[in-house]
> 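Here it is, the structure, as structure tokens.
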Protein chains: 2
Amino acid sequence: MQSKHMAGRLPEPPNPIADDGDETRFCGTCAFSSACIAAGYDKPELVELQCLVEHVGPFRAGEHIFRTGDPFRAIFAVRGGTVKTRMVDKEGREQVLGFYLPGEVIGLNAIYPEHFPCDAVALDTTFFCRFSFPAMSALASRVPAVQQHLFRMLSKELGTASLLAGDHSADERVAAFLMDLASRYAARGFSATRFHLSMSRGDIANYLRLAAETVSRVFSRFRSQKLIEIEGRELQIVDPKGLRVIGQGLLPE
Amino acid sequence: MQSKHMAGRLPEPPNPIADDGDETRFCGTCAFSSACIAAGYDKPELVELQCLVEHVGPFRAGEHIFRTGDPFRAIFAVRGGTVKTRMVDKEGREQVLGFYLPGEVIGLNAIYPEHFPCDAVALDTTFFCRFSFPAMSALASRVPAVQQHLFRMLSKELGTASLLAGDHSADERVAAFLMDLASRYAARGFSATRFHLSMSRGDIANYLRLAAETVSRVFSRFRSQKLIEIEGRELQIVDPKGLRVIGQGLLPE
DNA sequence: AGCGGCAATTGATCCGGATCAAGGCGCGCC
DNA sequence: GGCGCGCCTTGATCCGGATCAATTGCCGCT
């Protein structure tokens, strides 16, 4: 049945990868933007921020940015592409901790243990800004804006961590997941109603603590209810209000 | 059957409330100890840390330390007693986010939103050290040890947040919960094998995303398997190895 | 084109834990 | 003391989602 849709597939969704060639445009979407830019390039202290940033990548889908146990030396801001973080227990079972979009930061949970407590795996072609953490925290001592930024990012991640904790139905989880992705894309200037799911159904299911089959079924049901349009990994949110109602209780307010 | 045990109830477990009258003993167990003490009282910068600390309490069981929406002005280190943090959604359903023992810190997740995103409720009689956050972060700019402490506490909490996320059986959750409590008591110098559960079965169940009946059943099963001894809220861990095996996959390593 | 592997979908069955229900126990209060 | 009210425990039933299983489509490979 789906083969008939080939010609009529959803017309090119915007590519959610920040333009690597346009420095300021990316930086406007980055978690560090207010430290890097808004605070002003002219302030002499911030020259150091430029110095301690290192552009790394590309990583191809499946490649590791860091691995569990690697010594912690830096945090990474996603410049382009999508990353998942995961833990693998000794029985080999994977546990997806989160997905990170352009402008978001990975590695903050390694500060305390001083080693990365999880893997970071590229889901597609990814690029990063690498911030040496010793240099960053030294800078934070001299520039309150940088320190405040770090505190806020850490605290923000504390809030999102408890989002998927509740005991909620599969429908609630999936709806909240989609609306969360939408708002994060919107926050970075991408479309909130049409985007590409870089992660597999299995990854989504694992992240939401569901079976892959359940995620598939919920997607099918949401489609038949005209809440979404989905084909493969191309998603369009048809009824954001409806999804928000379903996902409320998991979503902020 | 239990009434017969009244005379033979577990002999007085140590009271897990830091001695409020013994300043240095408590501080040795506190999350800020290395900033407050180890770094040395003699350093002039640290005099400020003494100044910005304010002792508050007591709060009685059921009283709020802060409420959702309160403006964020300070973080609190538990000096004595136990606290739960929780969110209440608009349908009135409670969601327990965590329990905090003497020496642990609450309020870190309010830095980013600048308002407390949850309630903090005393489970028994509690006392706190209140740290004004503006003063604290100003101090952090000048004293690297304080800054590092804040980073580490935030990062540490990020790690524990993902602990209860996995899809694990009721047995695994309960075993991991007990062993986590045990190690946290041990880290503060209390007995790791015998302590009082300040929270109700309902709170434990809510925190672990189980029904209260399930928690009760698991406790009963663990007792019949000689893993624990429990009577009301007095707990003794009889077979830590066994519990650890059950809870592994949720516990660090 | 033909093959093989992986992701996704869909159907059928099963099970762990939620829910409903019924006491027991402890404690504060009149 | 006697009563009422939470908290806890234990039993019976039910249901959402996991698991098992089969099919299809896509894509890379030769």
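Below, read A as the first sequence line, B as the second, and so on, with proteins coming before strands; counting in each chain starts at 1.
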> Step through it carefully: locate the ring centre of Phe59(A), locate the ring centre of Phe128(A), and say whether they are under 6.0 Å apart.
yes
> What residues, two or more places apart in sequence or in another chain, satisfy salt bridge (Lys or Arg N to Asp or Glu O under 4.0 Å) together with Glu213(B)?
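Result, salt bridge (Lys or Arg N to Asp or Glu O under 4.0 Å) vs Glu213(B): none returned.
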> Mind checking ring pair (Phe, Tyr, Trp, His ring centres under 6.0 Å) for Phe72(A) and listing every partner two or more places apart, or none if nothing turns up?
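Result, ring pair (Phe, Tyr, Trp, His ring centres under 6.0 Å) vs Phe72(A): Phe116(A), Phe133(A).
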> For Ala120(A), what residues pass the side chain to side chain contact (heavy atoms under 4.5 Å, CB included) criterion, not counting sequence neighbours?
Ile65(A), Phe66(A), Val83(A), Thr85(A), Ile106(A)
> Check salt bridge (Lys or Arg N to Asp or Glu O under 4.0 Å) between Arg93(B) and all other residues, then give those that pass, not counting sequence neighbours.
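Asp89(B), Glu91(B).
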> Looking at residues at least two apart in the chain, or sitting in another chain, which of them share a side chain to side chain contact (heavy atoms under 4.5 Å, CB included) with Val238(B)?
Glu229(B)
> The helix from dA1(C)-dT30(D) to dC30(C)-dG1(D): angle between its terminal axes, five pairs each, to 10°?
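Inter-axis angle at the ends, rounded: 40°.
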> What is the separation between atom CD1 on Ile230(A) and atom P on dT10(C), rounded to the nearest whole Å?
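So the CD1-P distance, Ile230(A) to dT10(C), works out to 11 Å.
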> Can you tell me the distance, in whole Å, between the CZ atom of Arg223(A) and the P atom of dA8(C)?
13 Å
> Can you name the residues that form a salt bridge (Lys or Arg N to Asp or Glu O under 4.0 Å) with Glu63(B), not counting sequence neighbours?
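Applying salt bridge (Lys or Arg N to Asp or Glu O under 4.0 Å) to Glu63(B) gives none.
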> Could you work out, with side-chain hydrogen bond (donor to acceptor under 3.5 Å, both in side chains) as the rule, every residue matching Asp171(B), not counting sequence neighbours?
Arg221(B)
> Spell out protein contact along nucleotides 13-19 of chain C as letters: B when the base is contacted, S when just the sugar-phosphate is, - when no protein heavy atom is under 4.0 Å; keep the 5' to 3' order.
----SSB
> Can you list everything that forms a salt bridge (Lys or Arg N to Asp or Glu O under 4.0 Å) with Arg184(B)? Sequence neighbours excluded, please.
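Checked Arg184(B) against salt bridge (Lys or Arg N to Asp or Glu O under 4.0 Å); matches are Glu104(B), Asp180(B).
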> Distances under 3.5 Å only, N/O to N/O: pair up the protein atoms with those of nucleotides 5-7 of chain C.
none

> What is the distance from CZ of Arg221(A) to P of dA8(C), rounded to the nearest Å?
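Whole-Å distance recorded here is 18 Å.
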> According to side-chain hydrogen bond (donor to acceptor under 3.5 Å, both in side chains), who are the partners of Ser220(B), at least two apart in sequence or on a separate chain?
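side-chain hydrogen bond (donor to acceptor under 3.5 Å, both in side chains) list for Ser220(B), sorted by chain: empty.
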> Between dT9(C) atom C1' and Ile228(A) atom CD1, what is the distance in whole Å?
14 Å
